[in-house]
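Proteins come first, then strands; the chains are lettered A, B, ... in the order of their sequence lines, and each starts at number 1.
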2 protein chains.
Amino acid sequence: MAEDKNENTEEKIITAANDVFEKKGYDGAKMQEIADKAGINKALLHYYFRSKDKLFEMIFGLAFRKLVGELEFLFDTGIPVKEKVRIFVDRHTDFISRNRHLPLFIINEVNRRPEIFVKLLEGIYGKEDRLNKLLKQIEEETKAGILKQFDPRQIFLNMIAMNIFPFAAKPLVKGILRMDEDDFGGFIAERKKIVTEIIIKSISEK
Amino acid sequence: MAEDKNENTEEKIITAANDVFEKKGYDGAKMQEIADKAGINKALLHYYFRSKDKLFEMIFGLAFRKLVGELEFLFDTGIPVKEKVRIFVDRHTDFISRNRHLPLFIINEVNRRPEIFVKLLEGIYGKEDRLNKLLKQIEEETKAGILKQFDPRQIFLNMIAMNIFPFAAKPLVKGILRMDEDDFGGFIAERKKIVTEIIIKSISEK
DNA sequence: TTTCGGTTTAACCAAACGGTTAAACTCTTT
DNA sequence: AAAGAGTTTAACCGTTTGGTTAAACCGAAA
């Protein structure tokens, strides 16, 4: 795996480390396995990233920003809220399906060391006014009778919970509902519509 | 911790192992820590449960049955479906709040070794006709115009996803939404109503 | 009191782990 | 072609980990 001599070693390491950390978590990940997957040996791994912790910190940061980056789109106040929901559920579901282990990885590692992401959080809150603009947009659409009064935090949680959960618990879901890979794919496709509908209904007047 | 000489050693081990495995997962859990928490030494731990795997298998089985046991109530066909939802969301949320690490533990370990729970699943499917009775109940209430047509699997997933997610991702949620412990408690209390309402609305006619 | 099975312990073991070292290789610069 | 910095490797190190061993302890049955 990974043969090109010219390819950047650092990139190969990051790719491999990403794979292993996401799938197995900090405790389950072994430096030797990362080195093997990157096609190098352990010493070179330590040459590029001094320690497992340092390497992990880098990977976690990338993963966290990747996940948060997908939310960026919600702050575009040019799009009506309901339209945002429609597009977001679709895109977010696809994103998670392509990065199946990402959400659980973040959740697990933050559970393990809650301090881990406070610095990364500052990066988000730098652009605090975007959040305020979004809240204002919702407020306006509520006044206009398009939306009903609701707690955006709760609705947001509902949306990402319904999106993430089936993928996070995929083997569990497949096992209990006795699905094969195709069944699961169809189930998710159908799910997009249902989740979209539910969220929109839960923020619509009447 | 744990001083009573008379107390059953095996119980102390199970309690300690449960704590450690649930919080840290298989890879993060160390036999030494379990022994310490049980107030015994490592050799005695291996005397009772020959290996880490054996001990883990036992703990996982208990945890899985505990989680599944909470669903039992849904199969009581004496209660109308909507009433079931109301009661279930309330009870299930309380249960998870008391067992914060349980769902994530199950999800993680099943992801790690998907075969792990196939045998446990057989225990569930022994009582397959109960599921059929539940489906029949839903069908009847649909014919009676109480419920609309829906895929029970999707709605079930939505319900437990919305219940579990805030607890599984608790430190993440608290961090991003900047809550302290009290805030979070209030948020969850409010959540019960919202989730109940959303689920009921998504299965109600019109 | 002796004996005997279950219980508990300290000491030990081999493998796996994260990390280091020192030497060798490679490629560019002069 | 020599120097030099960056790159790569095999061998090694100390610690932690899951697991074992053999001996001591203890309470009940004989």
Side-chain angles (χ1 to χ4, degrees), chain A residues 1-63 105 108-109 112-113 115-116, chain B residues 1-63 105 108-109 112-113 115-116:
Chain A
M1 191 171 278
E3 228 29 81
D4 303 349
K5 261 279 193 266
N6 291 0
E7 199 187 326
N8 194 349
T9 302
E10 193 170 327
E11 256 176 48
K12 289 196 294 185
I13 293 177
I14 290 179
T15 303
N18 205 354
D19 278 11
V20 177
F21 275 127
E22 274 192 23
K23 240 173 257 173
K24 313 205 167 177
Y26 182 88
D27 290 320
K30 309 294 157 181
M31 293 299 267
Q32 187 61 63
E33 190 186 348
I34 294 173
D36 290 348
K37 231 174 202 162
I40 57 169
N41 71 11
K42 228 176 36 174
L44 186 54
L45 190 54
H46 280 92
Y47 174 78
Y48 276 89
F49 299 87
R50 247 191 307 259
S51 67
K52 187 182 182 183
D53 286 85
K54 287 261 195 307
L55 179 55
F56 174 80
E57 208 174 326
M58 144 126 293
I59 298 299
F60 181 84
L62 288 175
F105 170 61
N108 278 326
E109 299 307 328
R112 230 173 34 93
R113 282 205 241 120
E115 343 76 63
I116 207 177
Chain B
M1 190 171 278
E3 232 24 87
D4 304 348
K5 260 280 192 266
N6 292 0
E7 199 187 325
N8 195 350
T9 302
E10 193 171 328
E11 256 177 47
K12 289 195 294 184
I13 293 177
I14 289 179
T15 303
N18 206 351
D19 278 10
V20 176
F21 274 128
E22 273 193 23
K23 239 172 259 175
K24 313 206 167 177
Y26 182 88
D27 290 319
K30 308 294 156 181
M31 294 298 268
Q32 188 60 61
E33 189 185 349
I34 294 173
D36 290 348
K37 229 172 203 165
I40 57 170
N41 71 11
K42 228 176 38 174
L44 187 56
L45 189 56
H46 280 93
Y47 174 79
Y48 275 90
F49 299 88
R50 247 191 304 260
S51 69
K52 186 183 183 182
D53 285 86
K54 287 260 196 306
L55 178 57
F56 173 80
E57 207 174 327
M58 144 126 292
I59 297 299
F60 181 84
L62 289 174
F105 171 62
N108 279 326
E109 299 307 328
R112 230 175 32 96
R113 282 204 239 120
E115 345 75 63
I116 207 177

Novice: Mind checking if B:Phe49 touches a base, just sugar-phosphate, or nothing, with heavy atoms under 4.0 Å?
Specialist: nothing
Novice: Specify the separation, in whole Å, of atom CG of B:Asn8 and atom P of C:dG6.
Specialist: 15 Å
Novice: Between atom CG in A:Asp36 and atom C1' in D:dT9, what is the gap in whole Å?
Specialist: 14 Å
Novice: Can you tell me how far C1' of C:dA24 sits from CG of A:Leu44, to the nearest Å?
Specialist: 14 Å
Novice: Taking the side chain as C-beta and beyond, is there a heavy-atom pair between B:Ile59 and B:Glu22 under 4.5 Å?
Specialist: no
Novice: Yes or no on salt bridge (charged side-chain N to carboxylate O under 4.0 Å, His left out) for A:Arg113 and A:Asp53, after CA distance, side-chain angles and deciding distance?
Specialist: CA-CA 12 Å; A:Arg113 282 205 241 120; A:Asp53 286 85; 3.6 Å; yes
Novice: Assign each of A:Ala29 and B:Ile40 to its nearest nucleotide of DNA chain C by heavy atoms, then name whichever residue's nucleotide is nearer the 5' end.
Specialist: B:Ile40
Novice: Let me know the distance between CG of B:Asp53 and C1' of D:dG18, rounded to the nearest Å.
Specialist: 10 Å
Novice: Where the side chain of B:Ala43 is concerned, which of D:dG19, D:dT20, C:dG19 is the nearest nucleotide?
Specialist: D:dT20
Novice: Roughly, in whole Å, what's the span from CD in A:Gln32 to P in C:dC17?
Specialist: 8 Å
Novice: With distance as the sole criterion, do the side chain of B:Lys52 and the base of D:dG19 form a donor-acceptor contact below 3.5 Å?
Specialist: no
Novice: If you take atom types as modelled and just measure distance, does the side chain of A:Lys30 reach the base of C:dG18 with a donor-acceptor pair under 3.5 Å?
Specialist: no
Novice: Mind checking whether A:Phe21 and A:Phe56 have ring centres under 6.0 Å apart?
Specialist: yes
Novice: Check whether any side-chain nitrogen or oxygen of B:Thr9 sits under 4.0 Å from OP1 or OP2 of C:dT7, and answer yes or no.
Specialist: no
Novice: Looking at side-chain heavy atoms only, is the closest gap between A:Phe105 and A:Lys23 below 4.5 Å?
Specialist: no
Novice: Using whole Å, what does the distance between atom C1' of nucleotide C:dG18 and atom OH of A:Tyr26 come to?
Specialist: 9 Å
Novice: Could you check whether any side-chain N or O of A:Lys52 sits under 3.5 Å from a backbone N or O of A:Phe49, counting only pairs where one atom can act as donor and the other as acceptor?
Specialist: no
Novice: To the nearest Å, give me how far apart CD (A:Glu33) and P (C:dC17) are.
Specialist: 9 Å
Novice: Select one nucleotide: of D:dG6, C:dG18, D:dG18, the one nearest the side-chain heavy atoms of A:Met31.
Specialist: C:dG18
Novice: Would you kindly give the CG-to-C1' distance between B:Leu45 and D:dT20, to the nearest whole Å?
Specialist: 14 Å
Novice: I want to confirm an ordering. Mapping B:Asp27 and A:Tyr48 to their closest nucleotides on DNA chain D, which one lands closer to the 5' end?
Specialist: A:Tyr48
